Amino acid sequence: MSSLLYYTLPALSSYVMLSIFFLRRPRLLHTPWVSAFCPRLGAHRGGSGERLENTMEAMENAVAQRADLLELDCQLTRDGVVVVSHDKSLSRQSGVNRDVGSLDFEELPLYKEELEVYFSPGHFAHGSDRHMVRLEDVFRSFPRMPISVEVKEQNEELIRKIAGLVRHYERDEITIWASEKSSVMKKCKAANPEMPTAFTISRGFWVLLLYYLGLLPFISIPERFLISFLPTIINRTYFPFSCSGLNQLAAVVSKWLIMRKSLIQHLEQRGVQVVFWCLNEESDFEVAFRLGATGVITDYPTALRRYLDNHGPPAPAS
């Protein structure tokens, strides 16, 4: 037993020291990704706190606030049109108990006159524009605006058409594939491998595991974006579970796991840009940037623009 410890302890100590060394100096092992843009100000659903979500009016407002990224979700209509819509069902958005896929594009109803801001409960957005828009129209209107396109389900036709539109409008470098599901992301990457990808939920957990095991510095990372919720918003603006006890537990555990400066700085040094969502308060902007994040996705681009102009992103605490 003593001889085993004699060899094991020095080997373990060497491994820990090497892991810490390369965690802080990842470029000695990996060539960092070079991104075509820096998403410091991202507009959630086009800026759904200031105008009706996912409308052209919301996106124009975000662009006027010098947004660096539009965050959108897409669905497919019955006649094969890719539309910008967070929900598959039209019930919350339009009050019509139908799915987007059950109607042709010209049959889609208008948005309601006001919509509650999901990450600001009790607050409502309004706007003069109530029309759902085609993804193609967004690409035409904002040809060089970086966009994160989230695909929620394994709809191969939807994925294929998004990939085709991105190629047609020569947006491969500035359009991000995003999905919570690895099975969906696999199909997205196959449809257009030139587009940068964001971490799925399972891949995010995998990176956390590798980080705590000390293996992350030695593993390649194909993703270029980590788009993660900020744990401190749980129980204030984000309620992932219906049970308050589970939300409290999730807040404590996720805060301990995710809010690690050394992890975020390691990813940033490898060219993986870390963006926190969905932050609507100045105190949360401050937390995210102090952790070393590249940027923030918000429902209120005007508020984030004001923060960035007045303060700039604070230097990460040492």
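Predicted model, so just to flag it, every value in this text is computed and none were measured.
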Notebook entry, point to check: Please walk me through it: do Phe229 and Tyr238 pass ring pair (Phe, Tyr, Trp, His ring centres under 6.0 Å)?
Noted result: CA-CA 9 Å; Phe229 72 94; Tyr238 179 42; 5.7 Å; yes
Note to self: side chain to side chain contact (heavy atoms under 4.5 Å, CB included) for Arg51 and Met56? Distances and angles first, verdict last.
What the structure shows: CA-CA 9 Å; Arg51 302 292 190 274; Met56 195 64 74; over 6 Å; no
Checklist line | side chain to side chain contact (heavy atoms under 4.5 Å, CB included) between Trp33 and Arg270, worked out | finding: CA-CA 6 Å; Trp33 290 112; Arg270 293 179 65 172; 5.9 Å; no
Next item on the list: For the pair Asp309 and Arg66, evaluate salt bridge (charged side-chain N to carboxylate O under 4.0 Å, His left out) and give the outcome as yes or no after the intermediate values.
Entry: CA-CA 11 Å; Asp309 287 348; Arg66 308 197 308 279; 3.0 Å; yes
Note to self: Apply side chain to side chain contact (heavy atoms under 4.5 Å, CB included) to residues Leu90 and Leu103 and explain how you reach the verdict.
What the structure shows: CA-CA 10 Å; Leu90 293 162; Leu103 298 172; 3.7 Å; yes
Notebook entry, point to check: Between Tyr211 and Ser262, does a side-chain hydrogen bond (donor to acceptor under 3.5 Å, both in side chains) hold up when you go through it step by step?
Noted result: CA-CA 10 Å; Tyr211 168 73; Ser262 59; 2.5 Å; yes
Next item on the list: Apply side chain to side chain contact (heavy atoms under 4.5 Å, CB included) to the pair Leu52 and Arg130, showing each step before the final yes or no.
Entry: CA-CA 7 Å; Leu52 293 177; Arg130 296 168 56 196; 3.6 Å; yes
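Ser148 has its side chain out of reach of Leu72: every pair of non-hydrogen atoms, C-beta onward, lies at least 4.5 Å apart. Within the 4.5 Å cutoff, no side-chain heavy atoms of Leu215 are placed close to those of Ser19. Counting only heavy atoms from C-beta outward, the side chains of Ile258 and Ser228 approach each other to under 4.5 Å. Put simply, the side chain of Glu173 does not reach to within 4.5 Å of the side chain of Pro196, judged on heavy atoms. Residues Leu216 and His266 have side chains in contact (heavy-atom distance under 4.5 Å, counting atoms from C-beta outward). A 4.5 Å side-chain heavy-atom check between Val83 and Leu135 finds every atom pair outside the cut-off. Put simply, the side chain of Leu279 does not reach to within 4.5 Å of the side chain of Ile297, judged on heavy atoms. Residues Glu50 and Pro301 meet the side-chain proximity criterion, which asks for heavy atoms closer than 4.5 Å.
Side-chain contact, Tyr111 with Glu53: no donor N or O sits under 3.5 Å from an acceptor N or O. In this model, no donor atom of one side chain and acceptor atom of the other lie less than 3.5 Å apart for Asp104 and Thr77. In this model, no donor atom of one side chain and acceptor atom of the other lie less than 3.5 Å apart for Asn97 and Ser91. The closest side-chain donor-acceptor pair between Ser202 and Ser182 falls under 3.5 angstrom. Using modelled atom types, one finds no donor on one side chain facing an acceptor on the other under 3.5 Å when comparing Ser89 with Asp87. Looking only at atom types and distance, the side chain of Ser128 has a donor-acceptor partner in the side chain of Glu57 under 3.5 Å away. One side chain, His44 or Asp299, offers a donor N or O that lies under 3.5 Å from an acceptor on the other. Counted by atom type alone, Ser48 and Tyr300 present zero donor-acceptor pairs between their side chains at under 3.5 Å.
For Trp256 and Tyr212, the ring centers are positioned less than 6.0 Å apart. For Trp206 and Phe199, the ring centers are positioned 6.0 Å apart or more. Annotation: Phe37 is in aromatic contact with Phe225 [ring centroid separation under 6.0 Å].
Closest of all the heavy-atom pairs between Asp68 and Arg40 is OD2-N, 3.2 Å. Across all non-hydrogen atoms, the minimal contact from Ile162 to Cys74 is CD1-CB, 4.0 Å. Across all non-hydrogen atoms, the minimal contact from Ala67 to Met145 is O-CE, 3.3 Å. What you find for Ile227 and Ala198 is that their closest heavy atoms are CD1-CB, 4.1 Å. The shortest non-hydrogen separation linking Val117 to Gly49 is CG2-CA, 3.8 Å. Shortest non-hydrogen contact noted between Leu158 and Val82 is CD1-CG1, 3.9 Å.
Other residues, nucleotides and ligands contribute only 12 or fewer heavy atoms inside 6.0 Å of the CZ atom of Phe205. Under a cut-off of 6.0 angstrom, the local environment of CD in Glu107 is crowded, with over 12 non-hydrogen atoms contributed by other residues, nucleotides or ligands. The 12-atom threshold is not exceeded at NE2 of His123, counting heavy atoms of other residues, nucleotides or ligands nearer than 6.0 Å. No more than 12 heavy atoms of other residues, nucleotides or ligands sit less than 6.0 Å from atom CD of Glu156.
Within the structure, ring-ring contact (aromatic ring centres under 6.0 Å, His included) contacts touching residues 140-187 (residues at least two apart or in different chains) do not occur.
Comment: Lys152 engages Glu150 in a salt bridge, judged by a side-chain N to carboxylate O separation of less than 4.0 angstrom. Between Glu281 and Arg236 there is a salt bridge, since at least one side-chain N of the basic residue sits less than 4.0 Å from a carboxylate O of the acidic one. Between Lys161 and Glu157 a salt bridge is recorded (basic side-chain N to carboxylate O distance below 4.0 Å). With respect to the salt-bridge test (charged N to carboxylate O, under 4.0 angstrom), the residues Glu71 and Arg45 do not qualify. Here Lys88 pairs with Glu153 in a salt bridge; the nearest charged N to carboxylate O distance falls below 4.0 Å.
In this structure, His131 contributes its side chain and Leu108 its backbone to no donor-acceptor pair below 3.5 Å. Not a single donor-acceptor pair under 3.5 Å links the side chain of Arg224 to the backbone N or O of Val272. Between the Ser141 side chain and the Asp137 main chain, a donor and an acceptor come within less than 3.5 Å of each other. For the pair Thr200 (side chain) and Lys181 (backbone), a donor-acceptor distance under 3.5 Å is absent.
Interatomic distance, Ser102 OG to Arg78 CZ, rounded to the nearest 0.5 Å: 6.5 Å. Note that CG of Leu226 is 9.5 Å distant from CD of Glu268, once rounded to the nearest 0.5 Å. With rounding to the nearest 0.5 angstrom, the CG atom of Asp172 is 6.0 Å from the CD atom of Glu194. Remark: Asn54 CG to His86 NE2 distance equals 8.5 Å, nearest 0.5 Å. For the atom pair Asn247 CG and Phe239 CZ, the distance stands at 7.0 Å (nearest 0.5 Å). Separating the CD atom in Gln93 from the CG atom in Leu110 is a distance of 12.5 Å, to the nearest 0.5 Å.
Both Leu210 and Tyr15 are members of a single hydrophobic cluster when ILVMFWY side chains are connected at heavy-atom separations under 4.5 Å. Following chains of ILVMFWY side-chain contacts shorter than 4.5 Å, one can reach Ile221 starting from Leu257, so the two form part of one hydrophobic cluster. Under a hydrophobic clustering in which Ile, Leu, Val, Met, Phe, Trp and Tyr are joined whenever their side-chain heavy atoms come within less than 4.5 Å, directly or via other members, Val100 and Val84 fall into different clusters.
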